[in-house]
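Below, chains carry the letters A, B, ... as their sequence lines are ordered, and counting in each starts from 1. Just so it is clear, the model here is predicted, and its values are computed rather than measured.
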Protein chains: 2
Amino acid sequence: MNSTQKKIIEAAEIEFADHGFGGASIREITRRADVNIAAINYHFGSKEDLFKEMVRYRIDPINEERLALLDQAEESNKAKPVPLEEIVDIIVRPLLNKLISEDQAGVHFLRAMGKGMGEEQSFMKDLFEDCMQEVLRRFIQALSFSLGKPSFAKVVYGMHFLACAMLGAMLQHTRLEYMGQGKIDTGNVEELVDQLVAFISGGLKAMVNMPSKTDTR
Amino acid sequence: MNSTQKKIIEAAEIEFADHGFGGASIREITRRADVNIAAINYHFGSKEDLFKEMVRYRIDPINEERLALLDQAEESNKAKPVPLEEIVDIIVRPLLNKLISEDQAGVHFLRAMGKGMGEEQSFMKDLFEDCMQEVLRRFIQALSFSLGKPSFAKVVYGMHFLACAMLGAMLQHTRLEYMGQGKIDTGNVEELVDQLVAFISGGLKAMVNMPSKTDTR
DNA sequence: CAAAAATTCAAACAATCGTTTGATTTAAAC
DNA sequence: GTTTAAATCAAACGATTGTTTGAATTTTTG
């Protein structure tokens, strides 16, 4: 990955974050990256391939880190389940840590990815399935074990809410500023993640402990 | 609101849901609504005004319902705080109930609105501030009271996570199908809301009970 | 029924979209 | 230093974007 491609990726993160995949403009990306209009098609093939490359470039290392941390946690807990907070932390922290970086590129990436996940582009579903398949499988299993193997439906709802809360935090991080009336330090990602992990873990436990009318295992 | 305007609004919900505000096409909306291309500018003024109208048309009654329910709950609890689950339920249920409707229009509206909230269009921030200001104020106050008046930061984080989880559920409702491998009845909104309310309430309590390093009230 | 207002229509507006082309410049290989 | 290959460039491609226009049509009013 040469400097031109890097410049394009960084500009793409900002544009995709601001306007989504469909709304972002190739011309605006190249203008921001200070490269020629044809550079994107030359280096990446198409706008679609650029988006895919942008996602994989950032998300693959994060998922590797997640799996390694889960391996490590499962090993140190022997045959016992990994504590819930630990699992949630491993899912959330490596990703949301991208909210801090000297050039703010991570913030843009998270917003761009969050926005992409909501789009109806047909290639998106494939992209995220490719990226997340193994991670999803492993963490659903770990969560189920840690929660005492509740019904399949509960685990799915739980994983869903976990992803929703995390996705929302990615997309709406800037809203903290407005809601907090400037009294919240939005740069304190450590604090944000701590609170979010507590929120999600507590939520999962409460959900599992609640009796469900239509529950079958 | 005549039949042409109604047809346009319904078509707009689908298009905005699928492609976001920036990605949606006026031509596609009018084609789907089976009206002339000029109808949108004639009846609404602009694409932007159409989006605003679409949001207010659906969200204003929901917010009125929320405030009425909160009034009622506060009255029946005298000077005591309203139970947390009840408050969360009032925020979540009137909105997510839109996930069910014979013509699925509600699903599209929720996705369209969720997607819009993430966009950087300058008019969006104003629109949502106008819509949500009073509701936010009232429910932040009720939540704070019900949670035992924790620090301002905790309440803000809590309200933020609540909104994030709800937003995610709106945006990603169809993902339940995929994650649940077809074994989850995605049409069972009652069940979804029950689980979500339990998740959010449990999350909020856990968050408030967790000691915070940088906590000041 | 006639006059007036409201609505619908096809056509065109300038602007922008993603992509391609072919020439030109820069870098690498021998 | 000459030859290949890689990269950058301005220009143009056809298609689509949101919006406007002015005539034709429908609906309402007196």
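- For the pair A:F44 CZ and D:dA7 P, the computed distance is 12 Å after rounding to whole Å.
- Side-chain proximity of A:A38 to C:dT19, D:dT19, D:dC9: nearest is D:dC9.
- Look at A:H43 and you'll find a side-chain N or O under 4.0 angstrom from OP1 or OP2 of D:dT8.
- A:N2 places its CG atom 16 Å from the P atom of C:dT26, with the value rounded to the nearest Å.
- With rounding to whole Å, A:I40 atom CD1 is found 12 Å from C:dC17 atom P.
- The backbone N or O of A:V197 lies less than 3.5 Å from a partner atom in the side chain of A:S201, making a donor-acceptor pair.
- Distance CD1 (B:I26) to P (C:dC17): 17 Å, rounded to an integer number of Å.
- Residue A:N41 places its side chain closer to C:dT19 than to any other of C:dA6, C:dC17, C:dT19.
- Considering only the side chain of A:S25, C:dG18 comes nearest among C:dG18, D:dT17, D:dA7.
- Note: CD (B:Q5) to P (C:dA6) measures 13 Å, nearest angstrom.
- Distance NE2 (B:H19) to C1' (C:dC17): 15 Å, rounded to an integer number of Å.
- Heavy-atom minimum distance, B:I184 versus A:A153: CD1-CA, 3.6 Å.
- Under a cutoff of 6.0 Å and an axis angle of 45°, A:K115 and A:F21 do not form a cation-pi pair.
- Each of A:E28 and A:N36 has a nearest nucleotide on DNA chain C; the 5'-most of these lies closest to A:E28.
- Counting only heavy atoms from C-beta on, B:Y42 has its side chain closest to C:dT7 among C:dT7, C:dG18, D:dG18.
- To the nearest angstrom, C1' of C:dT21 lies 13 Å from CD1 of A:I37.
- With hydrogens and angles ignored, the 3.5 Å screen pairs no side-chain donor or acceptor of A:H173 with any backbone N or O of A:R111.
- Remark: C1' of D:dG18 and CD1 of B:I8 are 14 Å apart, rounded to the nearest angstrom.
- Dashed line: the shortest gap from a side-chain N or O of A:T4 to OP1 or OP2 of D:dT8 is under 4.0 Å.
- The CD1 atom of B:I40 sits 4.5 Å away from the CD1 atom of B:I29 when rounded to the nearest 0.5 Å.
- An OP1 or OP2 oxygen of C:dG18 is reached within less than 4.0 angstrom by no side-chain nitrogen or oxygen of A:S46.
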